[in-house]
2 protein chains.
Amino acid sequence: MRNEITPVRHGTMRARNLAVVLGEISRRQPVSRARLADVTGFTKTTVSSLVAALKDAGLVREDGPVRDGERGRPATAVSVNGDRVAGLGLEVNVDYLAACVLDLGRRIRHRHIVAADNRARDPERVIGALTDLAERAIAAAGEQDLTVAGAVVALPGTLDRAGGRVRTAPNLGWRDVAAGDLLTAGLPPLALPADQDNEANLAALGELWFGDGPELGSYVHVSGEIGVGAGIVVDGRVFRGAHGFAGELGHVVVDPAGPPCACGGRGCLEQVAGQEAILRAAGLPDVTATSTAGPDGPLSALVTLLNDGDERALSAVRRAGDALGRALGAAVNLLDPDTIVLGGIFSALAPWACPAVEAALAGGTGVVRSAPPRLAVSRLGGDAAALGAAALVVERVMNDPARLLTEGSPRPHER
Amino acid sequence: MRNEITPVRHGTMRARNLAVVLGEISRRQPVSRARLADVTGFTKTTVSSLVAALKDAGLVREDGPVRDGERGRPATAVSVNGDRVAGLGLEVNVDYLAACVLDLGRRIRHRHIVAADNRARDPERVIGALTDLAERAIAAAGEQDLTVAGAVVALPGTLDRAGGRVRTAPNLGWRDVAAGDLLTAGLPPLALPADQDNEANLAALGELWFGDGPELGSYVHVSGEIGVGAGIVVDGRVFRGAHGFAGELGHVVVDPAGPPCACGGRGCLEQVAGQEAILRAAGLPDVTATSTAGPDGPLSALVTLLNDGDERALSAVRRAGDALGRALGAAVNLLDPDTIVLGGIFSALAPWACPAVEAALAGGTGVVRSAPPRLAVSRLGGDAAALGAAALVVERVMNDPARLLTEGSPRPHER
DNA sequence: CTCAATTCGTTCAGGCTCTGGACTAATTAA
DNA sequence: TTAATTAGTCCAGAGCCTGAACGAATTGAG
């Protein structure tokens, strides 16, 4: 339970230092060995040795001599090599499947979204279709001479990550599905084990890497589609809580006298600001089952109404924004983020919802903190979670490149 | 912003491994070197060398041979030596000051609480009085042959921990006070730098070490006195958020139409479940300025009424419990703790407040998580934060014993 | 009582990784 | 052409962990 401090051996030391140097290269590229020695505190000897190992693994590249205008021998520029290793991100959502291949240089090399009504299908069938998508993505990566180092799947539900199982995914109708096993069975063996994570967490990570990223600092990323979820990122890491269920913003109660929720509570945020609730309040049919599947599908009608100034639609969105702002007020008091990021359906509705969100937020977060958190809107599309999943694989490679050096054989004695 | 991976050298490796072994000794004491080699994965040689270093520093002790009933050479039992090093915990609160000396074996060696109305006094005077208390504590430690390795101060307000400053402590009337400098100036130099932290965070840590501790896992510890605060502990570590203001449970809005709060919001939990609000609702005068200062002072009248079955008092506490439960519901959804611990004034009121808290909590935390969080009541007294502060010093020694080995000289290149 | 078996802890050679000074390489300024 | 400057490599050395061998202390069988 207590945070474990693990033994360190020479191998561990080497592995960590490889990560240190790789990280510094990524942050400052192109960069010379001499400068790396400066910023890391290593000797030039050590830096040379570490860079050589990274170069052998294809993670890093020499770009040729560079003179800085100063005198002295010109430096050899070292950069991350984006052309050898990539991460695969996968996403299962209610009305689509998505795959995304991201190279070490954080360039998207392949991206594919397939509309599919996954509510109507068996979990096995869905994972089967996802595996097909993954195989095509791996093939596409291979054609670009990229090796896929690992895969992460984004799933809309509560997970038992250690066991590789989906506990419940209410919007998919799943219950205790061994998604991890099903997926690994269908995939060629990768250097890193396949992993899964909550869609909201991964969408938040997608924002970190592809949105306004580093400027955001610590933030809460709201990512509603059918349900309403939030990914909490503190210092670049996802906060998961004790069992991985942190960030369940959708079931924060915003109106104790409100309508009952499937979760057993009353007046959950999801019942007021979820996609179906907003559509209903705006007088639109619940179109989730119609042909316009895929990201942003069911919302287009609502956006049209809003653009036309339809009063009922506007008030529905305002009411949702107010409820969202109040729930976020609690999140701000409890989690102390720098920024709130609106993603999912709320990024499309932001022009109309933001004022209400901001007002409610300001009313609930007092002078305790010096500045109220900023409110930002995500510019990422519907497959933010797939992007985040791929980015997570890339991040893992960057944080422990040694795993790719030892050619697949697991590192000794990790306890 | 991103979590930094720091370079590892031989010295770092050694330092971490010392911590590994010391931690394992603490967890399993008395324990043989052979068993330590088993559980850590180190060779017997390495364990012997690490234990020898810890023994030289006085952190560890050999207890003589022990036969396990099995055959073979009997083992030499190794245990944490609680008789050489200690941590000092200090606490400034509205109506008292406290100090506490805790040895490495987690035994309390000295404990002193002084009632004092700190609202009426200059910050310099308060810190001065605290320094006196600290000096007496250090002297008391010295008489028991204990070296005080470091000190941590618990303060009821928002802090700039890096700068050693109190930003605001509304209940003390402090604003931008350089508490860290004032304290270090008055104290003899210690091996570890003096540090400060929020009272709620440290009270939560106190619960971890002295309450039901390890069983709690991840938990939210409510610690209201004048204000209402919460310390969030995940896997044995305090969660602080981006600026260290996480856990501001007192300013979660529980009634948007409620009374205005000093923080600028309306209907904050503190306005309904804070000590003054409860006393007022129960028809009691606000006695915080009277002579009954010190922990639990102003509450005794209320507890008497509750024991007498006074309907007005009972309903006031029920209403507070309901509000607290609703705010905690949001905390559970966002933070996903195993347990909620009621401390501060709520531990005294628990018999009457718990049913309401539990009911409200159950209504706001649905089936998303498999089991609702347990509700526990702290058995710690008013100086829980001072205990937690001292425990934090001890924890730091345990997590990095090497700092005490190198005789005060700071370790090289920590960047 | 003696000897084999067993377990504990130490000793010593060896290997991995970082350090630090010396050295070579490549360039600019005089 | 030469001195100065900066980049990167080489090589001996030191710190720390590993692993096999060994002495120490005890139990149980003969």
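None of these values were measured; they are calculated from a predicted model. We use all heavy atoms of the structure for the numbers below, so side chains are in, but hydrogens, waters and symmetry mates are not. To find a chain, count down the sequence lines: A is the first, B the second, and so on, and within it residues start at 1.
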A:Gly58 to A:Asn81 - nearest heavy-atom pair and separation = O-ND2, 3.3 Å
Reading DNA chain D 5' to 3', how would its secondary structure be written in dot-bracket notation, given Watson-Crick and G-U pairs with both distances under 3.5 Å, brackets [ ] for crossing pairs and | for partners on other strands?
-> ||||||||||||||||||||||||||||||
When you measure from every atom of DNA chain C, which of residues 45-64 of chain B have a heavy atom less than 4.0 Å away?
-> B:Thr45, B:Ser48
Parallel, tilted or perpendicular: which describes the rings of B:His10 and A:His10, with under 30° parallel and over 60° perpendicular?
-> perpendicular
Exercise: identify the closest heavy-atom pair between A:Val80 and A:Gln29 = N-OE1, 2.9 Å
Is any side-chain N of the basic residue among B:Arg33 and B:Glu62 closer than 4.0 Å to the acidic one's carboxylate O?
-> yes
Between C:dT17 atom P and A:Arg9 atom CZ, what is the distance in whole Å?
-> 13 Å
Within less than 4.0 Å of OP1 or OP2 of D:dG8, is there a side-chain N or O belonging to A:Thr76?
-> yes
In whole angstrom, what separates A:Asp38's CG from D:dG8's C1'?
-> 14 Å
Between atom CZ in A:Arg71 and atom C1' in D:dA4, what is the gap in whole Å?
-> 6 Å
Please produce a list of atom pairs where a protein N or O lies less than 3.5 Å from an N or O of nucleotides 21-25 of chain D.
from: D:dG23; atom 1: N2; to: B:Arg73; atom 2: NH1; distance (Å): 2.8
from: D:dA25; atom 1: N3; to: B:Arg73; atom 2: N; distance (Å): 3.3

Side chains of B:Ser48 and B:Thr45, donor plus acceptor under 3.5 Å | no
A:Thr46 side chain to B:Arg9 side chain, donor-acceptor N/O pair below 3.5 angstrom | no
Given that B:Ala34 and A:Asn17 both sit by DNA chain C, which one's nearest nucleotide is further toward the 5' end?
-> B:Ala34
Heavy-atom pair of closest approach, residues B:Val31 and B:Ile25 | CG1-CA, 4.0 Å
Rounded interatomic separation in angstrom, taking CE from A:Met13 and C1' from D:dC17 | 9 Å
Kindly say if B:Arg14 contacts the phosphate of D:dG15, meaning a side-chain N or O under 4.0 Å from OP1 or OP2.
-> no
Report the C-alpha separation of B:Asp160 and B:His243 in whole Å, then their side-chain angles, then the decisive distance to 0.1 Å, and conclude whether the side-chain hydrogen bond (donor to acceptor under 3.5 Å, both in side chains) test is met.
-> CA-CA 8 Å; B:Asp160 167 16; B:His243 321 96; over 6 Å; no
Donor-acceptor pair under 3.5 Å: do we get one between A:His10's side chain and the base of D:dC16?
-> yes
Identify the residue among A:His110, A:Arg109, A:Gln144 that makes a side-chain hydrogen bond (donor to acceptor under 3.5 Å, both in side chains) with A:Asp103.
-> A:Arg109
Looking at B:Pro7 and A:Val20, what are the two nearest heavy atoms and their distance?
-> N-CG2, 3.8 Å
Mapping B:Thr43 and B:Pro65 onto DNA chain D by nearest heavy atom, which one lands closer to the 5' end?
-> B:Thr43
Going by an N to O cut-off under 4.0 Å, is there a salt bridge joining A:Arg237 and A:Glu395?
-> no
